[in-house]
Amino acid sequence: HLRLLQELKGKPTETKSGQQVRLYANIGRPSDVTAVLANDAEGIGLFRSEFLYLESEDYPTEEFQFEAYKEVAQKMGDRLVVIRTLDIGADKQVGYFNLEHEDNPALGYRAIRICLTRPEIFKVQLRALLRASVYGNIAIMLPMITSVQEVRDAKKILGEVKNELRGEHVDFNEHIQVGIMIETPASVIMADELAAEVDFFSIGTNDLTQYTLACDRQNPNLGRFADPHSPAVLRMIRMATEAAHRHDIWCGICGELGADLELTDTFLEIGLDELSVSPTSVLPLRNAIRNH
Ligand code: PEP
Ligand code: MG
């Protein structure tokens, strides 16, 4: 079986009837790129940038971040690398952020909410991302979006950072894609308006399941109540994908559900453009898609 999977390297991710899906991988640190390339992923659909913050004693500098993003971009060559901006919060504690204790951290001050209220931290990351963008094919992805205004505010800050870099004659990719994670019910409900603002959607099914079904993703006792196969979650995925396509942008999944082979047929039918999964799930998923 393993040998059969190895033979899928270099083969297109395409169904028997010719429907193509981009098959990407998720990573948490630059060293994971080895596994991405070894499993022949066609890109990186989610680079969780949190490790830079979680493993530092203080706010990671622009240079430190730049080196990490550049390394991944260079190793991936012209394959797309979607880097998600800071997604920490009271559940992923980072001492130097001095976040207050919260009773409901999943509903609290986290991710884009920190970035928009503390733009001086956000700008360091955006500068590093933009500078690294000339070394490969980087896209920026914003997590935990619930409104159009948040996207506009984030894009305004990105525009300011671009202007600063232009003023300093620092090169960056002027056409860098900016996308958002679809992982809150509000973002699905507002998907048409959001699609008009961005270049792509990537559905975070871990959080989307949590927030749609009101089931804490950290709570192991919820069993069948936390079922990501719930028709409510699947309908959310369909709504987001259809809204994306109405606005001619692409839509993928980067949550764990993307690798669930029981749902591969459903995702193909919904018309998802991209699935981003852990590196070891890439070839089994390519096999399932090619047999569809
Ligand atoms: C998700 O919520 O599905 C996701 C991909 O992001 P994370 O698991 O990092 O919250
Ligand atoms: Mg998430």
Side-chain angles (χ1 to χ4, degrees), residues 22-29 32 36 41 43-55 72 80-94 102 104-115 125 139-146 150-151 154 179-188 191 194 200-220 222 226-230 232-234 236-241 244 250-260 263 267 270 272-282 285:
R22 301 204 309 272
L23 188 46
Y24 291 178
N26 296 344
I27 65 168
R29 56 195 65 243
D32 296 338
V36 172
I44 290 173
L46 169 62
F47 177 4
R48 293 181 166 98
S49 65
E50 291 83 70
F51 89 98
L52 289 163
Y53 298 84
L54 292 167
E55 289 174 11
V72 175
L80 187 65
V81 177
V82 178
I83 304 179
R84 177 174 74 186
T85 59
L86 178 65
D87 188 21
I88 68 150
D91 59 334
K92 287 180 204 154
Q93 270 293 347
V94 183
E102 296 180 336
N104 293 300
L107 305 180
Y109 183 56
R110 53 173 297 196
I112 195 72
R113 300 171 184 178
I114 296 179
C115 291
Q125 183 170 36
I140 295 174
M141 178 156 76
L142 308 170
M144 290 299 298
I145 292 295
T146 62
E150 288 163 358
V151 177
I180 58 170
M181 291 199 63
I182 296 289
E183 52 185 348
T184 64
S187 66
V188 177
L194 288 166
F200 64 91
F201 285 168
S202 185
I203 303 174
T205 52
N206 309 333
D207 278 313
L208 186 61
T209 302
Q210 154 167 275
Y211 296 124
T212 301
L213 302 180
C215 281
D216 180 352
R217 63 189 270 188
Q218 317 263 35
N219 185 333
L222 295 171
D227 179 14
H229 289 211
S230 154
V233 176
L234 297 178
M236 289 267 178
I237 293 171
R238 184 184 298 277
M239 288 167 69
T241 308
W250 61 270
C251 182
I253 292 181
C254 63
E256 309 297 331
L257 208 58
D260 188 330
L263 291 173
F267 294 152
I270 289 174
L272 282 142
D273 303 287
E274 177 247 19
L275 296 171
S276 191
V277 299
S278 67
T280 51
S281 295
V282 167
L285 185 53

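Each ligand, and each atom within it, is numbered from 1 in the order the structure gives.
The Glu183 neighbourhood of ligand 1 comprises atoms 1 (C), 2 (O), 6 (O), with distances under 4.0 Å to a heavy atom of that residue. Close contacts between ligand 1 and Leu46 involve ligand atoms 5 (C) [criterion: under 4.0 Å to a heavy atom]. Close approach of ligand 1 to Met181 (heavy-atom distance below 4.0 Å) involves ligand atoms 4 (C), 5 (C), 6 (O). Every atom of ligand 1 is numbered from 1 in the order shown, and the set under 4.0 Å from a heavy atom of Gly204 is 1 (C), 2 (O), 3 (O). Shown in contact with Cys254 at under 4.0 Å from a heavy atom are these atoms of ligand 1, numbered in order with element: 5 (C).
When heavy-atom distances to ligand 1 are checked against a 4.0 Å cut-off, Met141 has no atom that comes that close, whether in backbone or side chain. Counting heavy atoms closer than 4.0 Å to ligand 1, residue Ile203 contributes nothing at all.
The single protein non-hydrogen atom nearest to atom 3 (O) of ligand 1 is Asn206 N, 2.7 Å, given as residue, atom name and distance.
By the 4.0 Å heavy-atom criterion, Glu256 is excluded from the residues contacting ligand 1.
The pair Arg110-Glu102 does not count as a salt bridge, with every side-chain nitrogen at least 4.0 angstrom from each carboxylate oxygen. Remark: Asp273 does not engage Arg22 in a salt bridge, criterion side-chain N to carboxylate O under 4.0 Å.
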Chi angles and distances behind the side chain to side chain contact (heavy atoms under 4.5 Å, CB included) call for Ile44, Asp32: CA-CA 10 Å; Ile44 290 173; Asp32 296 338; over 6 Å; no
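Looking at Glu150, its side chain never comes within 3.5 Å of a backbone N or O of Ile145 through a donor-acceptor pair. Ser281 contributes no side-chain N or O that, together with a main-chain N or O of Ala259, makes up a donor-acceptor pair within less than 3.5 Å. Panel note: side chain Tyr211, backbone Ala106; a donor-acceptor pair is recorded below 3.5 Å. A distance-only check finds a donor-acceptor pair linking the side chain of Asn26 to the backbone of Cys254 [under 3.5 Å].
The Mg ion (ligand 2) has an N, O or S atom of Asp207 closer than 2.8 Å.
Not one N or O of Arg110 is nearer than 3.5 Å to an N or O of ligand 1, by distance alone. For Arg84, a nitrogen or oxygen atom sits less than 3.5 Å from a nitrogen or oxygen atom of ligand 1, counting backbone and side chain alike.
Ring geometry for Tyr24 versus Trp250: interplanar angle over 60°, hence perpendicular rather than tilted (30 to 60°).
Distances from the Mg ion (ligand 2) to the N/O/S atoms of Glu183 are shortest for OE1.
Comparing heavy-atom distances from atom 10 (O) of ligand 1 across Gln210, Glu50, Arg217 singles out Arg217 as nearest.
Across every non-hydrogen atom of Gln210 and Arg217, the tightest pair is OE1-N, 2.8 Å.
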